[in-house]
Amino acid sequence: MAEPTNTPMPTAPPTPRSTSPAPAATRPSSTNLSLPKPIGFPTSALATATTIFATPLPVPGGPLGTKPIVLHIGDPIQYNPETYTEFTTQFDVVRPSAEERQRPAFMQALKEKRWGEFSAIFRPFWGTGGEMGNWDKELVDLLPDSVRVFASAGTGFDWADVKLLGERGILYCNGGLAAAEAVSDFAIAMIISTFRALPYCTSSAAAPSSFQTCHANATQRAHNLRGRVLGLVGLGNIGQRVAAKARAAFGMDVAYFDVERKPPALELRLGVRHTDSLEELLREADCVVLCTPAGAGCLVSRESLQWFKYGARLVNVARGSLVDEEALAEALEQGRVSCVALDVHAEEPNVNPRLLKFAGDRAMLTCHNAGGTVETHVGFEELAMRNIMAVLGGGEAVTPVNSAWLRSKAVS
Amino acid sequence: MAGKQKPVVLHIGDPIKHNPEIYERFASEFTVIRPEAEERQREPFLQALRDRKWGDFEAVFRPFWNTGGEMGRWDKELIPLLPKSVKIYASAGAGYDWADVDILAEHGILYCNGARASSEAVADMAIFHILSVFRNLAWSQLAARSGDPAQWTEAHKYATFTAHNPQNHVLGIIGLGNIGSVIARKASAGFEMQIRYFDIERKTAEQEASAGNAVYVATLDELLGQSDCVVLATPFGGSVLIDRERLAKFKRGSRFVNIARGTLVDEDALVEALKSGHLHAAGLDVFANEPHVHPELCKMNNVTLTCHTAGGALETNFGFERLAMENIEAFLLKGKALTPVNAHLMKSAK
């Protein structure tokens with residue numbers, strides 16, 4: 001089906017029959033255009049677009065049939081100018097202002113189709129770009145059918161209904177891979193803290209009497225990591241880096257449980273042991289580390305705490321919602337759990353008061369900083385661009401999280 | 001020689017706790033004399049030596065660091081009172097600031113420390129401090145511990161902007177001995193840090209390779225100027241090493257970790273370097289005047305402080321006890337000690 005000439009659409013979905021992948025260096029008239037062929041793009045969208053754009057709209061992205069539009073939510077690019085140059089060569093990037101990103105204004109703009117038929121949503125930072133709040137049904141329903149990918153900074157995505165996005169044909173790509181180095185380093189520091197009585201050691205130096213007492217007594221509570229069992233709940237990008245470091249630097253015995261069994265080759269390369277259930281893992285671990293997304297539910301509950309070895313340790317660098325904090329506090333009070341390290345909390349920025357009581361003694365508490373380094377930020381920005389370039393270029397996304405729910409936008 | 005008597009070992013400190021089988025063997029090879037705590041106090045101890053109460057013992061055995069030091073400093077007052085038969089002193093503890101090992105050497109006595117048994121624990125603690133100075137852990141921890149959501153939020157938002165991954169950054173180790181080399185190995189294998197070192201003694205190619213491919217830097221000042229994080233891992237040599245002048249040579253924004261001896265550092269100068277931002281953060285396990293920590297250090301949120309507990313793990317204690325016995329066995333029965341520190345100072349062979 002030939003594209004209509006003269007129709008002032010902000011960006012026409014390329015025809016499925018285009019064969020040449022040449023990127024548009026200039027803005028040619030629609031009839032001369034050849035664009036990369038997206039997989040399974042519906043021609044029916046053309047009809048919809050024609051109806052909507054009876055009159056020209058002042059939209060960026062150029063006339064009909066040029067580059068796909070990317071909606072960039074958040075601050076301007078900071079770290080990867082070369083990749084960004086490549087990005088802007090391939091796409092027309094539209095960046096709404098902070099005011100436009102506030103939820104009511106944002107929804108209004110979507111209703112007005114102010115940004116046209118954008119193909120991707122690009123959120124390079126977690127510190128900005130979240131002003132519109134949760135990407136739930138109310139918001140997602142307003143997205144144009146042209147959207148195919150949402151690539152964002154951040155490992156977690158509790159604020160986005162990724163299942164719904166998938167059902168709408170939108171692949172959600174997170175930044176977990178870019179944060180894996182930072183999160184795993186932080187997790188290792190936390191693991192060490194639980195074996196070496198560090199909440200106690202780091203809070204006792206200020207007065208000579210407490211210094212001396214700690215110096216004399218900490219040893220009794222402290223063990224080397226070597227040979228101890230590390231129980232990883234989740235062996236994704238982050239879990240794998242934790243495993244590698246725990247083995248290479250500390251000689252720990254690493255076991256894991258994951259809802260998805262990993263290939264034997266990976267298990268062998270990392271030197272990790274698989275366990276068949278969460279219960280089995282918890283029963284043998286000297287230190288349990290949570291490395292799963294929030295969707296896993298409450299993993300550390302009154303019930304599962306009964307499976308922990310007496311005197312075991314817990315590290316959480318994933319999500320506070322994975323832990324029943326009252327049950328955990330009780331286990332600490334009773335000594336069934338000897339030491340915890342929690343970077344994430346159920347009610348951030350509030351730390352559970354019962355857990356806070358152990359802060360100078362058996363609980364290492366931090367401020368959801370596990371992923372936070374300059375390198376992570378650089379990586380988030382880069383990875384989001386790479387994900388979008390891959391998907392819109394017809395390839396495989398780098399870090400999709402909702403492929404299982406993705407409804408293909410195939411021509412029926 | 002028929003009827004040769006077993007060598008006598010003077011065991012200073014508490015009875016053996018952790019290695020019963022090794023002790024059983026040890027006690028079958030030697031006659032072990034263990035003075036009680038009262039006899040180990042300095043005056044009674046010196047007097048007992050003058051009285052030759054324990055005869056011609058050949059070894060001094062101190063299995064623990066928290067007992068066995070009651071007589072105080074092994075110095076020019078005490079050492080000459082030892083019988084000429086004494087050849088070896090094997091002790092728990094990595095450091096030996098309380099013993100004049102040079103005077104021991106002058107009297108033909110080899111001093112063997114326990115650093116090898118504590119190196120795993122000390123290195124793990126060093127790694128924690130290295131991670132904490134790269135990741136602004138002190139700030140994050142203090143903010144959460146305050147219980148104040150505003151402080152929590154501030155740390156959550158802003159601690160990340162000056163936090164870096166150790167990966168590919170340069171770790172400069174001062175002293176690539178038992179402990180320094182284990183730190184190097186862990187930092188390289190676990191975190192892909194680039195290892196550089198300075199040591200009064202250049203290590204062999206093999207030692208450098210097994211210490212995370214450590215690259216030797218010819219002068220301390222050059223090492224300081226190249227490192228993103230400096231770790232001090234040398235024994236105390238009698239004077240301050242990290243003084244005002246040396247601190248100025250650190251790369252701006254770099255980090256400092258000390259798990260060796262606080263007496264090696266000018267703490268006033270360190271405080272200034274941290275306050276000025278010349279140093280980004282510090283991780284300190286040891287202090288110039290323990291148990292007193294410089295009050296300014298206690299107020300900073302870019303300093304992680306621990307209580308000279310770097311070696312403090314149960315496995316270290318097991319290891320100290322065992323290594324001291326094994327040093328004495330190796331020397332008295334086979335002629336070569338395992339971990340001497342003053343061999344290079346010994347006069348003629350005994």
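Residue numbers start from 1 in every chain, and the chains themselves are labelled A, B, ... in the order their sequence lines are given, proteins ahead of strands. None of the values given here were measured: they were computed from a predicted structure.
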Q | Sole residue of A/Arg226, A/Arg196, A/Arg228 in salt bridge (charged side-chain N to carboxylate O under 4.0 Å, His left out) with B/Glu315 | A | A/Arg228
Q: Find the one option among A/Gln220, A/Lys245, A/His223, A/Glu348 whose heavy-atom pairs under 4.5 Å with chain B are most numerous.
A: A/His223
Q: Could you tell me which non-hydrogen atom of B/Ala313 sits nearest to which non-hydrogen atom of A/Asn224, and how far apart they are?
A: CB-OD1, 3.4 Å
Q: Counting only heavy atoms closer than 4.5 Å, note whether B/Trp65 contacts chain A via side chain, backbone, both or neither.
A: side chain
Q: Determine, step by step, whether A/Asp185 and B/Phe134 satisfy the side-chain contact (heavy atoms from CB on, under 4.5 Å) criterion, reporting the C-alpha distance in whole Å, the side-chain angles of both residues, the deciding distance to 0.1 Å, and the verdict.
A: CA-CA 10 Å; A/Asp185 284 349; B/Phe134 271 92; over 6 Å; no
Q: Determine, step by step, whether A/Leu365 and B/Arg145 satisfy the side-chain contact (heavy atoms from CB on, under 4.5 Å) criterion, reporting the C-alpha distance in whole Å, the side-chain angles of both residues, the deciding distance to 0.1 Å, and the verdict.
A: CA-CA 7 Å; A/Leu365 304 169; B/Arg145 206 160 83 206; 5.9 Å; no
Q. Looking at B/Leu305, B/Leu314, B/Thr309, which has the largest count of heavy-atom pairs under 4.5 Å with chain A?
A. B/Leu314
(Q) Test side-chain contact (heavy atoms from CB on, under 4.5 Å) on A/Asn369 and B/Asn136; report intermediate values, then the result. (A) CA-CA 9 Å; A/Asn369 285 125; B/Asn136 299 335; over 6 Å; no
(Q) Tell me which of these, B/Pro166, B/Ala159, B/Ala155, has more heavy-atom pairs under 4.5 Å with chain A than the rest. (A) B/Ala155
Q: Kindly assign one of parallel, tilted or perpendicular to the pair B/His308 and A/His215, based on the angle between their ring planes and the thresholds 30° and 60°.
A: tilted
Q: Can you tell which part of B/Asp148 gets under 4.5 Å to a heavy atom of chain A, answering side chain, backbone, both or neither?
A: neither
Q. Using the benzene-type ring in the case of Trp, are the ring centres of A/His377 and B/Phe161 under 6.0 Å apart?
A. yes
Q) Hey, is the main chain of A/Phe250 close enough, under 3.5 Å, to the side chain of B/Asp124 for a donor-acceptor pair? A) no
Q | CZ/B/Phe236: more than 12 non-hydrogen atoms of other groups inside 6.0 Å | A | yes
**Q.** Side chains of A/Leu198 and B/Met125 in contact at under 4.5 Å (non-hydrogen atoms)
**A.** yes
(Q) Quick check on B/Cys307 against chain A: is it the side chain, the backbone, both or neither that has a heavy atom closer than 4.5 Å? (A) both
Q | Closest heavy-atom pair and its distance - B/Phe128, A/Ser193 | A | CE1-CB, 4.3 Å
Q) Of the non-hydrogen atoms in A/Ala248 and B/Ala189, which two are nearest, and what is the gap between them? A) CB-O, 3.6 Å
Q: Could you tell me whether A/Glu347 atom CD has more than 12 heavy atoms of other residues or ligands within 6.0 Å of it?
A: no
Q | Parallel, tilted or perpendicular, as decided by the 30° and 60° cut-offs, for the rings of B/His156 and A/His368 | A | tilted
Q | Structural part of A/Ala182 lying under 4.5 Å from a heavy atom of chain B | A | both
Q | Residues, nucleotides or ligands: over 12 heavy atoms within 6.0 Å of B/Arg40 CZ | A | yes
Q. If every non-hydrogen atom of A/Glu375 is compared with every non-hydrogen atom of B/Ala163, which pair is closest and at what distance?
A. OE1-O, 4.0 Å
Q: Against chain A, work out which of B/Gln167, B/His292, B/His129, B/Glu154 has the most heavy-atom pairs shorter than 4.5 Å and name it.
A: B/Gln167
Q | Leading residue by heavy atom contact count with chain B [cutoff under 4.5 Å; candidates A/Leu225, A/Ile192, A/Thr202] | A | A/Thr202
**Q.** Working for side-chain contact (heavy atoms from CB on, under 4.5 Å), residues B/Leu137 and A/Phe186
**A.** CA-CA 9 Å; B/Leu137 259 186; A/Phe186 203 94; 3.6 Å; yes
Q) Do you know which of A/Ala222, A/Ala218, A/Cys367, A/Ala249 has the most heavy-atom pairs with chain B at a distance under 4.5 angstrom? A) A/Cys367
Q | chain B contact via A/Ala363 - which portion, at a heavy-atom distance below 4.5 Å | A | neither
Q | Interface moiety of A/Ser203 toward chain B, non-hydrogen atoms closer than 4.5 Å | A | both
Q. Rounded to the nearest 0.5 Å, how far apart are CG of B/Asn165 and CD of A/Glu181?
A. 6.0 Å
Q: Counting only heavy atoms closer than 4.5 Å, note whether A/Val351 contacts chain B via side chain, backbone, both or neither.
A: side chain
Q: Might you point out which heavy atoms bring A/Asn350 and B/Pro149 nearest each other, and give the distance in Å?
A: OD1-CG, 3.2 Å
Q) What part of A/Arg221 lies closer than 4.5 angstrom to a heavy atom of chain B: side chain, backbone, both or neither? A) neither
Q: Mind listing the closest non-hydrogen atom pair of A/Ala205 and B/Val293 along with its distance?
A: O-CG2, 3.3 Å
Q) Which one of B/Leu284, B/Ile127, B/Thr306 has the most heavy-atom pairs closer than 4.5 Å to chain A? A) B/Thr306
Q) NZ of B/Lys251: more than 12 outside heavy atoms within 6.0 angstrom? A) yes
